[in-house]
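Worth saying up front: this structure is predicted, and the values here are computed from it rather than measured.
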Amino acid sequence: MPELPEVETVKETLTQLIKGKEIKEVTITWPKIIKRPDDQEAFRTLIHGQTIHEITRRGKFLKFHLDDLVLVSHLRMEGRYEMSDGQEADKHTHVRFLFTDGTELRYRDVRKFGTMHLFEKGTEETALPLAQLGPEPLTPDFTPEVLKRAFEKTTRNVKAVLLDQKAVAGLGNIYVDEALFKAGIRPNAKASTLHHEELVRLHQTIVETLQEAVDKGGSSVRSYVNSKGDMGMFQLHLYVYGRQGEECRNCMTPIEKLVVAGRGTHFCLDASQKNKC
């Protein structure tokens, strides 16, 4: 968390808030967030005077397109960008971007897991962390054939493959559980056993689930809000994630939870075994 829909929402709100602003100064209080270059002073020097022309997304990563650089940012579990409200920065604010117009963007991260990489423009997709990402699921590049190739030569279960960012970029625990439920596929099913109709159905439910979540501003579970401080609304429409013991919205069977691929996993037994839902 956040996953593709939440990062997409953050991208849109940041575009409204900081596009066109010139960076005057950067303050860094937790240097481990800066991964490239691995020296915070070099990072500060390189980014000084750069203007933010565009913000895009790749998988779960934000890309800040500057004059001749691209800043790649991963929010990880609880990273958050927010504009300064004039109050003193708290202990969880680790990077501050001061702009020439006097406004300030702050990066807060309670768990300090977020990362920032700075690249020369045009090189960011050729090196880690972006180089090994799979196709974007909301583009024409993502097809049932992509799932077939990812599934057919693996011994892993379907959830493990979908969580692998090399297979599909941007999917995480919430939306994998939701898409598998809607497709009527058990999360721990062996990926290589899925037949063509199941692959087509799963492709469709992944796209539909992600697009609906984007349209609703993502899911506000745990601490997620966008860069304006607004909550997402998709959590009100979740079918299985976080609903252990509650009745399935379709068949009234209690939602079950088990650990799959090392993650808490929610599913409806009827939906995944009998396709009743």
Determine, stepwise, if the pair Ser192 / Thr155 fulfils side-chain contact (heavy atoms from CB on, under 4.5 Å).
CA-CA 7 Å; Ser192 61; Thr155 59; over 6 Å; no
Applying side-chain contact (heavy atoms from CB on, under 4.5 Å), run through Lys148 and Thr143 and close with a yes or a no.
CA-CA 9 Å; Lys148 179 182 178 181; Thr143 64; over 6 Å; no
Please determine whether side-chain contact (heavy atoms from CB on, under 4.5 Å) holds for the pair Arg111 and Arg76, giving the CA-CA distance in whole Å, both sets of side-chain angles, and the decisive distance to 0.1 Å.
CA-CA 9 Å; Arg111 302 183 71 174; Arg76 291 295 176 93; over 6 Å; no
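Hydrophobic cluster membership of Phe119, counting Ile, Leu, Val, Met, Phe, Trp and Tyr whose side-chain heavy atoms lie under 4.5 Å apart directly or via other members: Phe61, Val70, Val72, Leu130, Leu133.
A heavy-atom distance below 4.5 Å is found between the side chains of Phe43 and Leu71. In this structure, Arg36 and Thr115 have side chains that are not in contact, with every pair of non-hydrogen atoms separated by 4.5 Å or more. Side-chain contact between Leu105 and Leu14: present, with at least one pair of heavy atoms (C-beta onward) separated by less than 4.5 Å. Counting heavy atoms from C-beta outward, Phe142 and Leu147 have side chains that approach closer than 4.5 Å. Under the 4.5 Å side-chain criterion, counting only non-hydrogen atoms from C-beta, Leu4 is not in contact with Leu171. Side-chain contact check for Ile18 versus Ile55: some heavy-atom pair is nearer than 4.5 Å. Put simply, the side chain of Leu138 reaches to within 4.5 Å of the side chain of Val207, judged on heavy atoms. Residues Thr265 and Val240 are not in side-chain contact: their nearest non-hydrogen atoms beyond the backbone lie 4.5 Å or more apart.
Atom NE2 of residue His94 and atom CG of residue Asp109 lie 5.5 Å apart, to the nearest 0.5 angstrom. A distance of 6.0 Å separates NZ of Lys60 from NE2 of His74, quoted to the nearest 0.5 Å. A distance of 4.5 Å separates CG in Asn250 from CZ in Phe181, rounded to the nearest 0.5 Å. With values rounded to the nearest 0.5 angstrom, Arg186 atom CZ is found 10.5 Å from Cys268 atom SG. Atoms CD1 and CD1, on Ile47 and Ile23 in that order, are 4.0 Å from each other to the nearest 0.5 Å. Interatomic distance, CD1 of Ile206 versus CG of Leu162, reported as 5.0 Å (0.5 Å rounding).
Residues Val200 and Val176 do not share a hydrophobic cluster, clusters being chains of Ile/Leu/Val/Met/Phe/Trp/Tyr side chains in contact below 4.5 Å. Leu69 and Leu98 fall into different hydrophobic clusters, where Ile, Leu, Val, Met, Phe, Trp and Tyr residues are linked whenever their side-chain heavy atoms come under 4.5 Å apart, directly or through other members.
Listed by chain and number, the residues in a side-chain contact (heavy atoms from CB on, under 4.5 Å) with Thr154 are Arg156, Val161, Ala191 (sequence neighbours excluded).
Other residues, nucleotides and ligands contribute only 12 or fewer heavy atoms inside 6.0 Å of the CG atom of Asp38. With a 6.0 Å radius and a threshold of 12 heavy atoms from other residues, nucleotides or ligands, Lys121 has its NZ atom above the threshold. The number of heavy atoms from other shown groups lying within 6.0 Å of CD (Glu120) does not exceed 12.
Side chain of Thr205 to backbone of Ala179: a donor-acceptor contact under 3.5 angstrom is found. No side-chain donor-acceptor contact under 3.5 Å links Gln244 to the backbone of Phe267. Distance alone, capped at 3.5 Å, places no donor-acceptor pair between the Gln132 side chain and the Lys166 backbone. Remark: side-chain polar atoms of Arg249 are paired, donor with acceptor, to backbone N or O of Leu238 under 3.5 angstrom. A distance-only check finds a donor-acceptor pair linking the side chain of Lys35 to the backbone of Lys32 [under 3.5 Å]. The main-chain N or O of His195 is found under 3.5 Å from a side-chain atom of Glu198 such that the two form a donor-acceptor pair. Here the side chain of Gln211 pairs no donor or acceptor atom with the backbone of Glu208 at under 3.5 angstrom. Of the possible donor and acceptor atoms, one in the side chain of Asn173 sits under 3.5 Å from a partner among the backbone N and O of Gly264.
Judged as a salt bridge (Lys or Arg N to Asp or Glu O under 4.0 Å), the pairs with a partner in residues 123-141 (not counting sequence neighbours) are, in order, Arg57-Glu136, Arg58-Glu125, Arg58-Glu136, Lys63-Glu124, Lys63-Glu125.
The two atoms that bring Gly59 and Ala169 nearest to each other are CA-CB, 3.8 Å, heavy atoms only. Counting all heavy atoms, side chain and backbone alike, Thr93 lies closest to Thr29 at O-OG1, 3.1 Å. Closest approach of Ala189 and Leu194 over heavy atoms only: CB-CD1, 4.5 Å. Of all the heavy atoms in Glu178 and Tyr239, the pair that sits closest is OE1-N, 2.7 Å. The heavy-atom pair separating Gly170 from Glu3 by the smallest distance is O-CB, 3.8 Å. The two atoms that bring Arg80 and Leu75 nearest to each other are N-CD2, 4.3 Å, heavy atoms only.
When each of His48, Gln40, Glu41 is paired with Arg44, the side-chain hydrogen bond (donor to acceptor under 3.5 Å, both in side chains) condition holds for Glu41 and for no other.
For His266 and Tyr241, the ring centers are positioned less than 6.0 Å apart. Tyr81 has its ring centre less than 6.0 Å from the ring centre of Phe64.
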